[in-house]
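Since the structure comes first, as C-alpha cells, the remarks are kept for the end.
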Amino acid sequence: MFLRCERYKCQPFAYWSRLTTPLCEFSWVVSFRISNTGHKFFGSHSGGTDMRNMAAVRRMEILGLTIMLMILKRVELTAGEPYAVSRTTFGDATATFYGGNDAAGTAGGSCGYENPFTRGYGVTTAALSNSLLSNNLNCGACFEVKCKYAASAYTKKWCYANKSVVITATNLSPPGLNGEHHFDLTYPMFTKISNMIAGRIPIQYRRVPCKKQGGIKFTLNGNPYFNLVLVYNVGGAGNVYAMSIKGSKTDWYPMARNWGQNWQAMVRLTGQSLSFRVTLGNGKTQVFKNVAPTNWKFGQTYQASSNFY
C-alpha cells in the first residue's frame, strides 16, 4: 500500500481554503516518489530480497508520512496569520463607524457572536476588511487603534491626539475606498479617537493581546449526531484557528470550522462530559478539561475555568 492523496481526501483541511491545493499537491509528490521507489524495488528483485525491499519501502512510507504530517501541522498553525494581522508595530488603515450611537446595530455579523452585548464584547468591537479578517479566521483578535493625527490639516482639525482604543474583531467590513485595510468601529469607539464629523479617517493599528474576564466560553448547538460549538471570550491572541472535542468516553475528535467561530464535529457525545483543545492563530494550544458536565444541554453555554493569557 502506497501513500496517495486524492483531492477529495484533503477535505479535512478545507477550512484552510487557501491552503487546500498546496497540501494536496505536496502529498501527491511524496506518494509519487515512494510509489516509484517501490516499483523499482519490486520490479528488479524476488524472493527474500523482495521481502527485505518491501520492508524498506514500508519504512520509507512511514518516514514520508511522518515528515508530511509534521510539515502540514506546522503549516496549519503558522500560515494563517499574515503580517498585516500579527504586526505589533503600528500600520496604516482607514476607519469609519456604524451601528448607531448605542452600537445596537452591530448585532449579528459574520463571526457568529450574534449579540456582542450578551457575549461580553459590548461596544468595544469593530468590523474589519477581509484583508485583516481573513474569511473570519481572525474573529476574536484584538487591535489597538488610533487616528493618524499628523496625516493632514483635516485630521489635526477633527482627530484627538494621543487617544487610542482597543477593539475585538466581530464582523466583516468592506475595504477602504482605495482598497486599504479598514476598521468599521462602533460609534462609541470612533468618537473616542475622533469627532464624528470627520466621518472617515486615516488610522494606525496594531495587534494587542485580548484581555477577557473569566474563562473561555463554549455555546453548544446542534443535535445528538451534529455538534456545533461557538467559541468566544477568548483571551491572548483571541482568534481560534483549530479546535478538537473529546467526550469522557472517547478520544479527541478534530473539529472543522462551519462559519465564523462556529466549529462542528459529527460525533455522538451526549451523556459525556466535554473537553476542548483550542489552538489560536499564534500557534498556542491549551486543553480545557471537563468544561461541560455529563448532563449538558444543547443551547447552553459553558465556561472553562481558565483562558489564554
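Source: prediction; values computed, not measured.
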[X], [atom1] atom: more than 12 neighbouring heavy atoms under 6.0 Å:
| X | atom1 | result |
| --- | --- | --- |
| N162 | CG | no |
| Y83 | OH | yes |
| N223 | CG | yes |

Look only at the side chain of [X] and the backbone of [Y], and say whether a donor-acceptor pair between them is shorter than 3.5 Å.
| X | Y | result |
| --- | --- | --- |
| S275 | N290 | yes |
| N115 | A107 | no |
| D92 | Q204 | no |
| Y149 | I203 | no |
| R277 | A242 | no |
| E144 | S164 | no |
| N195 | W158 | no |
| Y154 | A198 | yes |
| N227 | G222 | no |
| Q264 | N258 | no |

Which atoms form the tightest heavy-atom contact between [X] and [Y], and what is the distance?
| X | Y | value |
| --- | --- | --- |
| K192 | P188 | CG-O, 3.3 Å |
| E81 | S86 | OE1-CB, 3.3 Å |
| V234 | F308 | CG1-CD1, 4.0 Å |
| N233 | G215 | ND2-O, 2.8 Å |
| L172 | S110 | N-OG, 3.2 Å |
| V278 | M243 | CG2-CG, 4.0 Å |

Would you say the side chain of [Y] lies within less than 4.5 Å of the side chain of [X], judging by non-hydrogen atoms?
| X | Y | answer |
| --- | --- | --- |
| Q303 | K217 | yes |
| T250 | L269 | yes |
| H182 | R200 | yes |
| I193 | C159 | no |
| S131 | P175 | no |
| T279 | V240 | no |
| C142 | K212 | yes |

Centroid separation Y187 to F97 less than 6.0 Å:
yes
May I ask you to check whether F298 and F226 place their ring centers less than 6.0 Å from one another?
no
Taking the six-membered ring of Y113 as reference, does the cationic atom of R119 (NZ for Lys, CZ for Arg) lie under 6.0 Å from its centre and within 45° of its axis?
no
Tell me whether the NZ or CZ atom of K146 lies within the 45° cone about the ring axis of F90 and under 6.0 Å from its centre.
yes
Any chance you could measure [X], atom [atom1], to [Y], atom [atom2], to the nearest 0.5 Å?
| X | Y | atom1 | atom2 | value |
| --- | --- | --- | --- | --- |
| K246 | K289 | NZ | NZ | 9.0 Å |
| S129 | E180 | OG | CD | 9.0 Å |
| N136 | L133 | CG | CG | 5.0 Å |
| C139 | W259 | SG | CH2 | 9.0 Å |
| I216 | S305 | CD1 | OG | 11.5 Å |
| K297 | T270 | NZ | OG1 | 9.5 Å |

Quick one: which of N282, T168, N138 gives a side-chain hydrogen bond (donor to acceptor under 3.5 Å, both in side chains) with N239?
N138
Test side-chain hydrogen bond (donor to acceptor under 3.5 Å, both in side chains), reference D184, set T94, T106, T125, T96, output is T96
Under a single-linkage definition using a 4.5 Å side-chain heavy-atom cutoff for Ile, Leu, Val, Met, Phe, Trp and Tyr, are [X] and [Y] assigned to the same hydrophobic cluster?
| X | Y | value |
| --- | --- | --- |
| L280 | W263 | yes |
| W296 | V231 | yes |
| V165 | Y121 | no |
| V166 | V85 | no |
| M255 | Y232 | no |

side-chain contact (heavy atoms from CB on, under 4.5 Å) evaluation trace for V229 with N262:
CA-CA 5 Å; V229 180; N262 286 280; over 6 Å; no
Please work out which of the three classes, parallel, tilted or perpendicular, describes the rings of F183 and Y205, given edges at 30° and 60°.
tilted
Assess the residue pair C111 and N171 against the criterion (side-chain contact (heavy atoms from CB on, under 4.5 Å)); give the C-alpha distance rounded to whole Å, side-chain angles, the decisive distance to 0.1 Å, and a yes or no.
CA-CA 6 Å; C111 291; N171 201 355; 5.5 Å; no
Starting from the C-alpha separation in whole Å, work towards a yes-or-no answer on side-chain contact (heavy atoms from CB on, under 4.5 Å) for L274 and L220.
CA-CA 10 Å; L274 302 181; L220 309 180; 3.8 Å; yes
Output, in order, the C-alpha distance, side-chain angles, deciding distance and verdict of side-chain contact (heavy atoms from CB on, under 4.5 Å) for R206 and T89.
CA-CA 6 Å; R206 65 180 176 181; T89 57; over 6 Å; no
Which of these, W252, F288, F218, sits in a ring-ring contact (aromatic ring centres under 6.0 Å, His included) with F276?
F218
